[in-house]
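Please read the structure below before turning to the comments.
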There are 2 protein chains.
Amino acid sequence: MVDRRGAGDEVVTTAAAKRSADAAESAADVRERARAIPEAAVARLAVYLRVLSGMAEQGVTTISSEELAGAAGVNSAKLRKDLSYVGSYGTRGVGYDVEVLVSHIERILGLTRKHSVAVVGIGNLGHALANYGGFPSRGFPVAALFDIDPDLTGVPVGGIPVNHIDDITSVCAEREVSIGVIATPPQAAQAVCDRLVSAGVQCILNFAPVVLQVPDYVEVRKVDLAVEMQILSFHVARRADEAAGDVVNGVGVDGVVIRP
Amino acid sequence: MVDRRGAGDEVVTTAAAKRSADAAESAADVRERARAIPEAAVARLAVYLRVLSGMAEQGVTTISSEELAGAAGVNSAKLRKDLSYVGSYGTRGVGYDVEVLVSHIERILGLTRKHSVAVVGIGNLGHALANYGGFPSRGFPVAALFDIDPDLTGVPVGGIPVNHIDDITSVCAEREVSIGVIATPPQAAQAVCDRLVSAGVQCILNFAPVVLQVPDYVEVRKVDLAVEMQILSFHVARRADEAAGDVVNGVGVDGVVIRP
DNA sequence: TCAACTTTGTGCATCCGTTCACAAGCGGTA
DNA sequence: TACCGCTTGTGAACGGATGCACAAAGTTGA
């Protein structure tokens with residue numbers, strides 16, 4: 001927690017930096033700024049945040065855009081532009097203060113609040129999610145589990161007893177669930193989604209391989225293994241096609257026969 | 001290939017359509033076309049494919065761009081453009097033949113070949129992946145499992161015995177693994193990735209929350225739960241901020257003061 | 001055969017995100 | 001203090017994806 005600006009009352013830590021930022025910028029500015037951040041940039045900010053957290057743990061106090069970009073797998077111009085959406089918190093000629101940057105990204109990502117999570121569908125994946133340690137430690141406590149199987153009701157998984165799916169509305173309201181995770185078979189996903197929405201959940205992470213139909217005000221993110229595999233498959237095929245094409249001309253692009 | 005269409009001789013349709021397509025178009029054309037498909041469109045093609053498969057199972061033989069777009073959650077113009085990357089296989093005034101479209105998308109996505117998958121890291125997630133039925137049925141047989149824990153070696157998971165990670169090179173080569181799935185703790189991910197790459201695996205699906213460094217010729221896709229959750233968190237926060245903005249003007253959107 | 005109707009395929013304009021390039025700003029040094 | 005070198009922050013150019021709008025092409029029915 002060493003502060004690089006040695007000049008004066010430097011007990012300025014994360015919280016203090018945050019407060020001064022809030023003071024310098026009106027709430028409306030922050031709002032306007034957040035609204036304007038491209039979705040792709042938000043995803044990268046989350047990655048930067050993890051890298052920065054790792055840096056902080058290793059005692060790094062300052063980092064340049066070049067270094068951070070390298071660690072995050074992007075180019076430095078993009079990184080600086082992404083950070084500029086958050087605000088101007090770097091020091092020219094020096095770089096960024098790791099702690100300060102962490103706190104500002106957390107603020108923009110809304111990580112200063114707790115977001116209670118409900119997992120629906122306690123099969124293989126649901127178990128894995130309920131036991132996944134990464135959630136609570138990052139501000140996403142798993143507050144409820146649901147399944148349609150009555151035999152599972154009451155059984156604790158990852159320390160939390162499973163509720164029957166029929167209780168979803170009351171339990172979600174009571175525990176202030178803001179994010180619902182759907183890990184059910186595809187046939188059940190839309191119905192579960194509808195129930196979550198009517199329970200007031202406005203953000204859904206969907207692992208079921210279906211396209212959910214939701215009202216406009218509900219945000220859905222999809223994690224689809226089959227799609228990911230098929231994208232990889234596409235690249236395998238394209239690569240093989242290119243190799244075949246190049247081989248027709250005798251040798252590979254770089255003069256070497258690829259996978260002979 | 002496993003035939004998921006239950007209707008008897010339907011594999012013939014697929015194969016025949018493919019053959020005629022290959023005849024109508026030179027291999028170079030197909031290659032050129034595949035090279036030009038935007039990544040975003042590839043992801044959507046995989047979604048269309050699933051929707052179409054479902055339609056086929058329900059006995060639907062023909063579908064219009066409007067219907068398919070609705071089911072896939074995109075607008076019809078985008079859908080038609082995406083399909084135009086694959087080729088012109090619709091009938092004006094009618095729509096698309098479901099079977100034909102399925103076979104052409106499968107061809108473009110490279111699903112006419114088998115892609116053997118290796119899963120590394122047999123923890124909660126690894127178990128879920130090994131037992132996930134969606135892979136084999138869609139042409140992605142899980143051919144190998146690896147873990148660093150010697151106690152797991154030889155134990156069958158999802159019908160496949162776990163190998164020790166030290167055997168990764170030989171086993172991957174022997175079983176012609178083309179896609180590696182990393183489900184290890186983050187600390188181990190880069191080392192595992194390096195081993196997969198040196199074993200000749202060129203496509204990697206990474207569930208570990210780290211940015212993998214790989215040679216240019218290796219394709220990596222990342223599934224990052226923390227990032228997904230944080231993106232949702234951002235939207236929760238943005239929404240709350242917007243509501244708060246309304247509060248500045250008096251009361252919240254629904255007449256309730258948020259965070260008083 | 002022809003006209004009316006439906007739906008595809010695509011050129012074009014637009015928008016959004018990425019990249020480039022450099023001025024502005026800061027710390028260090030003499 | 002004045003200068004030098006380094007790094008940020010951002011205006012502007014660029015490129016790629018999206019959405020519109022319509023001609024082309026096929027079907028249906030008389």
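Chain naming here is simple, since letters A, B, ... match the order of the sequence lines and numbering starts at 1 in each. Since the model is a prediction, treat every value here as computed from it, not as a measurement.
For the pair B:Glu106 and B:Val102, the minimum side-chain heavy-atom distance is below 4.5 Å.
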Stepwise side-chain hydrogen bond (donor to acceptor under 3.5 Å, both in side chains) test for B:Gln230 and A:His115: CA-CA 10 Å; B:Gln230 288 172 8; A:His115 300 277; over 6 Å; no
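Both A:Asp82 and B:Ser64 lie near DNA chain C, and the one whose nearest nucleotide falls closer to the 5' end is B:Ser64.
For the helix from C:dT1-D:dA30 to C:dA30-D:dT1, the axis fitted to the five pairs at one end and the axis fitted to the five pairs at the other end meet at an angle of 0° (nearest 10 degrees).
Going from atom OH of A:Tyr85 over to atom CZ of A:Arg44 covers 8.0 Å, rounded to the nearest 0.5 Å. Atoms OG and NZ, on B:Ser178 and B:Lys114 in that order, are 11.0 Å from each other to the nearest 0.5 Å. For the atom pair CG (B:Leu111) and CE (A:Met229), the distance works out to 10.5 Å, reported to the nearest 0.5 Å. Atom OG of A:Ser64 and atom CG of A:Leu79 lie 9.0 Å apart (nearest 0.5 Å).
Rounded to whole angstrom, the span from the CG atom of A:Leu45 across to the C1' atom of C:dG17 amounts to 14 Å. One can place CD of A:Glu67 at 9 Å from P of D:dT7, the figure rounded to the nearest angstrom. Across the protein-nucleic acid pair, B:Glu39 atom CD and C:dC16 atom P stand 22 Å apart, rounded to whole Å. Rounded to whole Å, the distance from CD1 on A:Ile37 to P on C:dT18 is 13 Å. Distance CZ (A:Arg44) to C1' (C:dG17): 8 Å, rounded to an integer number of Å. D:dG9 atom P lies 12 Å from atom CG of A:Leu68, rounded to whole Å. The OH-C1' distance, from B:Tyr96 to C:dG9, rounds to 7 Å in whole Å. Spacing between atom CD of A:Glu66 and atom C1' of D:dC6 amounts to 12 Å, rounded to whole angstrom units.
Dashed line: the shortest gap from a side-chain N or O of B:Ser65 to OP1 or OP2 of C:dT7 is not under 4.0 Å. Listed pair A:Tyr85 / C:dC16 fails the phosphate criterion, with no side-chain N or O lying under 4.0 Å from OP1 or OP2.
No option in B:Glu39, B:Arg221, B:Gln202 other than B:Glu39 meets the side-chain hydrogen bond (donor to acceptor under 3.5 Å, both in side chains) test with A:His235.
Here the shortest heavy-atom pairing between B:Pro209 and B:Asp224 reads CA-OD2, 4.0 Å.
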For nucleotides 19-28 of chain D, give me one character per nucleotide, 5' to 3': B if any protein heavy atom sits under 4.0 Å from the base, S if the only such contacts are to the sugar-phosphate, - if neither. BBB--BBSS-
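Counting non-hydrogen atoms of neighbouring residues, nucleotides and ligands closer than 6.0 angstrom, the CD atom of B:Gln213 exceeds 12 such neighbours.
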